[in-house]
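Notes follow once the structure below has been shown.
We name chains A, B, ... by the order of the sequence lines, and we start the count at 1 in each one.
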Number of protein chains: 2
Amino acid sequence: METTKTVREQIIDHAITLMMLRGYNGFSYRDLSELVGVKTSSIHYYFPSKDDLVLEAVHAYTQEVQGAVQTIDAALPAEGKLAKFAKMFGRTLGEGDQICLCGMLAADIETLPEPVRLAVQGFFKANENWLAEVFAEGGRDGTLPTSAKPEQAARAFFAALQGAGLTSRLFRAKGRLEEVEASFKLSK
Amino acid sequence: METTKTVREQIIDHAITLMMLRGYNGFSYRDLSELVGVKTSSIHYYFPSKDDLVLEAVHAYTQEVQGAVQTIDAALPAEGKLAKFAKMFGRTLGEGDQICLCGMLAADIETLPEPVRLAVQGFFKANENWLAEVFAEGGRDGTLPTSAKPEQAARAFFAALQGAGLTSRLFRAKGRLEEVEASFKLSK
DNA sequence: GTCTATAGTCTGATAGAC
DNA sequence: GTCTATCAGACTATAGAC
């Protein structure tokens, strides 16, 4: 099994982990240098500026998450899909001290350049679109409360998950994520 | 009218504004120095360390928000209280480029000392407790969907508001906050 | 590609005069 | 209380040898 990761991949992986923990302004090239085992100047070789690095990190993270979402069985009832999605979202939170990369960057957004904002928007749109399909389907098959606007329900649900990720970590109480799913299920 | 603010009050006010914009790791004593018009060493006179400043900022912010919440008419039906609360929360977002101070600090929490975590937790608890009362009341008076657990509904609703604050700013679309309230109203 | 060395800037924080 | 002056350390980033 050839699982050796390139230095470039290691940098991105650790950058993602660090940002999910401390945010964009809370980690440095030096932190990465120590984790990856190369000098900071070598990191600049791959990513000339920190902004370049974040942008690539967001792209990699989006692809990774979307890949996982696509594995959710299409034959499942809508209610089941929603449950799986929520559970998956909870699992990205590591040992409980990390939040979604794009939720974190949304908090840091006013210190980031426009291309990063667009990339983070892209992450939200992709997830919201997938969820809107599920809510629409749930309305049809009767496993979810009928909503006039599936897109609206999707945005509210995803926002609630992001907020719950924040408070789960704040209170060190993982259960807060499950409450969100329950709230949207009993609904309507 | 004697509305002159002390230097100390100005520092806290600007610190709150800056953190709601850029987060804890995105502002400096120098920024404050320029806004308030005193040297950074003078700021250190009032707040020896940055952590001291954040802690006082959270206390001041909590008091301010809770004060506003308490002005919501107790005679209003639960549904109306929820609407007022959501609208108030939206108004704290300034020109649209700020988010709730404690939502922001929840994102930065892993870079902050324990006393700040406790203070931020206090802010969330206070708001969630108030909302739990409203949800319980709404179940009784029939203006809100009956929930087995008003506390759970309160936490999910507040998390959704925090998440919507994040995405409203990300997309520069204020409307996302209103969607949350609508989602919880049609519910159940 | 990775390194050493370093530039240039910003950071939080302190000492001490007034 | 506010200032000047300064510290030690961190930061992103670059030049150039190997």
Side-chain angles (χ1 to χ4, degrees), chain A residues 2 4-58 104-105 107-117, chain B residues 2 4-58 101 104-105 107-117 119:
Chain A
E2 188 62 61
T4 313
K5 279 188 180 157
T6 66
V7 169
R8 187 192 176 82
E9 285 166 340
Q10 288 181 62
I11 294 170
I12 292 189
D13 283 358
H14 280 114
I16 290 176
T17 304
L18 281 173
M19 281 190 281
M20 288 173 73
L21 186 68
R22 295 187 227 142
Y24 177 77
N25 298 301
F27 88 102
S28 69
Y29 271 51
R30 192 192 235 189
D31 295 326
L32 285 174
S33 165
E34 285 162 10
L35 285 168
V36 178
V38 297
K39 298 295 172 179
T40 61
S41 51
S42 300
I43 303 177
H44 278 288
Y45 168 77
Y46 294 102
F47 307 99
S49 84
K50 208 181 170 187
D51 291 341
D52 296 324
L53 173 53
V54 197
L55 193 57
E56 285 216 39
V58 174
M104 179 62 91
L105 294 181
D108 294 335
I109 204 68
E110 298 296 325
T111 68
L112 291 165
E114 196 63 17
V116 176
R117 185 189 289 257
Chain B
E2 188 63 61
T4 314
K5 278 187 180 160
T6 66
V7 169
R8 186 191 177 82
E9 285 165 340
Q10 289 181 63
I11 294 170
I12 292 190
D13 283 357
H14 280 114
I16 291 176
T17 304
L18 281 173
M19 282 190 281
M20 289 173 73
L21 187 67
R22 296 188 224 142
Y24 176 78
N25 297 300
F27 88 102
S28 70
Y29 272 51
R30 193 193 234 188
D31 295 326
L32 285 173
S33 165
E34 285 163 10
L35 286 168
V36 178
V38 298
K39 298 295 172 181
T40 61
S41 52
S42 299
I43 304 178
H44 278 288
Y45 168 79
Y46 293 101
F47 307 98
S49 82
K50 207 181 171 186
D51 291 341
D52 297 324
L53 174 53
V54 195
L55 193 57
E56 285 217 38
V58 174
L101 175 66
M104 179 62 91
L105 294 181
D108 294 335
I109 203 70
E110 297 296 325
T111 68
L112 291 165
E114 197 61 18
V116 176
R117 184 189 292 258

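Distances from the side chain of S28(A) to the nucleotides dA13(D), dG12(C), dC11(D) place dC11(D) closest. Considering only side-chain atoms of Y45(A), the nucleotide from dT14(C), dG1(C), dT2(D) that sits closest is dG1(C). Candidate nucleotides dA13(D), dC3(C), dT14(C) were compared by shortest atom distance to the side chain of S41(B), and dT14(C) ranks first. Listed nucleotides: dC3(C), dA13(C), dT11(C). Nearest to the side chain of R30(B): dT11(C). Taking the side chain of Y29(B) as heavy atoms from C-beta on, and the options dC3(C), dC3(D), dA13(C), the nearest nucleotide is dA13(C). Of the candidates dG1(C), dA15(D), dA13(D), dG1(C) carries the atom nearest the Y46(A) side chain, counting heavy atoms from C-beta on. Listed nucleotides dC11(D), dT2(D), dG12(C) differ in distance to V7(B); the shortest reach to its side chain belongs to dT2(D).
At whole-Å resolution of the value, CD in E34(B) and P in dC10(C) are 10 Å apart. Between the P atom of dA13(C) and the CG atom of L32(B) lies a distance of 12 Å, rounded to the nearest Å. In this entry the distance linking CD1 of I43(B) with P of dT14(C) reads 14 Å, nearest Å. Atom pair N25(A):CG and dA10(D):P shows a separation of 18 Å (rounding to whole Å applied). Note: CZ (F47(A)) to P (dT2(C)) measures 12 Å, nearest angstrom. Going from atom CZ of R8(A) over to atom P of dG1(C) covers 10 Å, rounded to whole Å. Going from atom NE2 of H44(A) over to atom P of dG8(C) covers 16 Å, rounded to whole Å.
The NZ atom of K39(A) lies 9.0 Å from the CD atom of E34(A); values are rounded to the nearest 0.5 Å. The structure places CG of D31(A) at 12.0 Å from OG1 of T17(A), a figure rounded to the nearest 0.5 Å. A distance of 6.0 Å separates OG of S49(A) from OH of Y29(A), quoted to the nearest 0.5 Å.
Within 4.0 Å of F27(B), counting heavy atoms only, lie sugar-phosphate atoms of the nucleic acid but no base atom.
The shortest distance between the side-chain N/O atoms of K50(A) and the OP1/OP2 oxygens of dT12(D) is below 4.0 Å. Under 4.0 angstrom from either OP1 or OP2 of dG1(D) there lies no side-chain N or O belonging to S42(B).
Considering I16(B), I12(B), D51(B) in turn, I12(B) is the only one that fulfils the side chain to side chain contact (heavy atoms under 4.5 Å, CB included) rule with E56(B).
Cation-pi geometry between K50(A) and F27(A) is satisfied (NZ or CZ under 6.0 Å from the ring centre, within 45° of the ring normal).
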